[in-house]
Undergrad: 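Quick one: this structure, given as structure tokens, is what I'll be asking you about.
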Protein chains: 2
Amino acid sequence: MTSRKTIGPTAAGDARERIVLAASKVFAAKGYGQASTREICKLAEVNVASIHYYFGDKASLYRELFTIPEQAVQLPTELDDPTTSLIDGLSAFYQHVMGFVLASESSSQLRLLFLREQVEPSGLLEPDRVGIIGLYHAQLVRFLSLHLELETADSGVHQLAFTLLGMAMVFYVERATVQRLTPGLIGSQHEVDETVIRLVSHASGAVNAERERRQEEPK
Amino acid sequence: MTSRKTIGPTAAGDARERIVLAASKVFAAKGYGQASTREICKLAEVNVASIHYYFGDKASLYRELFTIPEQAVQLPTELDDPTTSLIDGLSAFYQHVMGFVLASESSSQLRLLFLREQVEPSGLLEPDRVGIIGLYHAQLVRFLSLHLELETADSGVHQLAFTLLGMAMVFYVERATVQRLTPGLIGSQHEVDETVIRLVSHASGAVNAERERRQEEPK
DNA sequence: TTCAATCAAGCAAGCGCTTGAATTAAGCGA
DNA sequence: TCGCTTAATTCAAGCGCTTGCTTGATTGAA
């Protein structure tokens, strides 16, 4: 049905790709429910029937966007290197995560889509699916367990990982509010760099607090 | 048109209240766009015309839910008391904020609605409106400026306030993920209490880090 | 000639909203 | 207490519109 051996008539078989690109933009901007197939097709400059022709239906097109992610969800490798210091690891983490808060173009388009699916699940994906946040969280738990010298990760480490995640997530979820209340944090690359430095400082403070908390009540 | 001097026919004039209650549930669960007036009316057990009769249209009904909030958005008073210590203030803050993560019933229904409007603005409210997060943020900035002994709040304090906010927000925005990855953090009142204690610890660590960061580079 | 690809047109369903009539409780003179 | 008026409220039906999706015809490169 959709063999790609032979390319289409007009110019190229890129209609399918144009649909995927347009869909990622519209879905990311409006969410699954509010996005209309007609708007996607108009943006992709294809006929409304093309979605059915290439993907079957709207839901399948949406799921298609979540099958690409292997490259999009690339975790910072430094955190899994045992020789990385706490500060360097946190620095790598926040540089990586905050790198997408700028440039709302195609690079971060998918990431926006993933975040939206995480915050407001469409119900179309596998329900037990591990989202981006889950991947970051697992990596942070590993990293923190190492630097807190724990054999097994307990609730405290898990919560600490959520703490570090939340510190960055607020800039995505509340991006508009941050920009309005405090312009100068995520407006330019230089500002983001400054913000990352402070994030690392706050994060290491939290990690140290957790370490001290454990020494007080080793239980 | 809608005088409430005389009560209606059947039982009481509570049809309007039933609509408000049902609307807050449906809007909170699905968002403004995905919620349908028919579903709201069905839940409220009223005719579809009742929304127009009592509120005019769907948008006005939605706005109505945001005019009640004075009691819902009650900030913790301890933070504005100059005699409150850093730890006590942080403890009051997180107890207050995390107090709504349990009990997903009517009490937190409105709060869920507010959070959704913050994350995904409907565009129906005044555009320069300060949401809940803005109120909490302003209070935190005041509190932190006091305890960091600053005359004017700069970007660093603002960011620190967002850091403290994000640490709690992750439990709301990523509630489902937290429950799945780390059951035992927000499942019961006792668990929430434990979580709050650790949050206060992490937060004070972040605040102390910010304090030290300022001493190093006073500039 | 073949067939993947595109197109305009339209279908059923759901949406917000409107309408005019039916229902009901309260007010009131006799 | 009765019968009547009045007005608040509820109701079924349906209007115009958008939605996702389908169809049968058309296009054009191989």
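Computed from a predicted structure; not experimentally measured. Letters go in sequence order (proteins before strands), and every chain restarts at 1. Only heavy atoms go into these numbers, but all of them, side chains included; no hydrogens, no water, no symmetry mates.
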Undergrad: In whole angstrom, give the distance that lies between atom CZ of A/Phe55 and atom P of C/dA5.
TA: 12 Å

Undergrad: Can you tell me the distance, in whole Å, between the CZ atom of B/Arg16 and the P atom of D/dA8?
TA: 15 Å

Undergrad: Toward the 5' end of DNA chain D, which comes first, A/Ala59 or B/Ala49, by nearest nucleotide?
TA: B/Ala49

Undergrad: Using whole Å, report how far CD1 of B/Ile51 lies from C1' of C/dG16.
TA: 9 Å

Undergrad: Which of residues 31-39 of chain B have a heavy atom under 4.0 Å from DNA chain C?
TA: B/Ala35, B/Ser36, B/Thr37, B/Arg38

Undergrad: Should the pair B/His96 and B/Phe100 be assigned to parallel (<30°), tilted (30 to 60°) or perpendicular (>60°) ring geometry?
TA: perpendicular

Undergrad: Rounded to the Å, how far apart are A/Asp57 CG and D/dC21 P?
TA: 5 Å

Undergrad: Closer than 4.0 Å, any side-chain N/O of A/His52 to the OP1 or OP2 of D/dC21?
TA: no

Undergrad: List the atom of B/Ser91, the atom of B/Val200, and the distance in Å for their closest heavy-atom pair.
TA: CA-CG2, 3.5 Å

Undergrad: Reckon B/Tyr54 has a side-chain N or O less than 4.0 Å from the OP1 or OP2 of D/dT10?
TA: yes

Undergrad: Side chains of B/Thr177 and A/Gln118: does their closest heavy-atom pair fall under 4.5 Å?
TA: yes

Undergrad: Between A/Thr163 and B/His202, which heavy-atom pair has the shortest distance, and what is it?
TA: OG1-ND1, 3.2 Å

Undergrad: Atom CD1 of B/Ile19 and atom P of C/dC17: how far apart are they, to the nearest Å?
TA: 13 Å

Undergrad: Could you report the tightest heavy-atom contact between A/Gly89 and A/Thr84, atom names first, then the distance?
TA: N-CG2, 3.4 Å

Undergrad: Counting C-beta onward and ignoring hydrogens, is there a side-chain heavy-atom pair between B/Tyr32 and A/Gln34 closer than 4.5 Å?
TA: no

Undergrad: Round to a whole Å and report the spacing from NZ of A/Lys42 to C1' of C/dT6.
TA: 19 Å

Undergrad: Would you mind telling me which of C/dC17, D/dT22, D/dA8 lies closest to the side-chain atoms of A/Val48?
TA: D/dT22

Undergrad: In this structure, how many angstroms lie between the C1' atom of C/dG14 and the CD1 atom of B/Ile40, rounded?
TA: 15 Å

Undergrad: Whole angstrom is fine here: how far is it from OH in A/Tyr62 over to P in D/dT19?
TA: 18 Å

Undergrad: State whether B/Glu39 and B/Lys30 are salt-bridged, where the test is any N-O pair (Lys NZ or Arg NE/NH1/NH2 against Asp/Glu carboxylate O) under 4.0 Å.
TA: yes

Undergrad: By the 4.0 Å heavy-atom rule, please label A/Asn47 as base, sugar-phosphate, or nothing.
TA: base

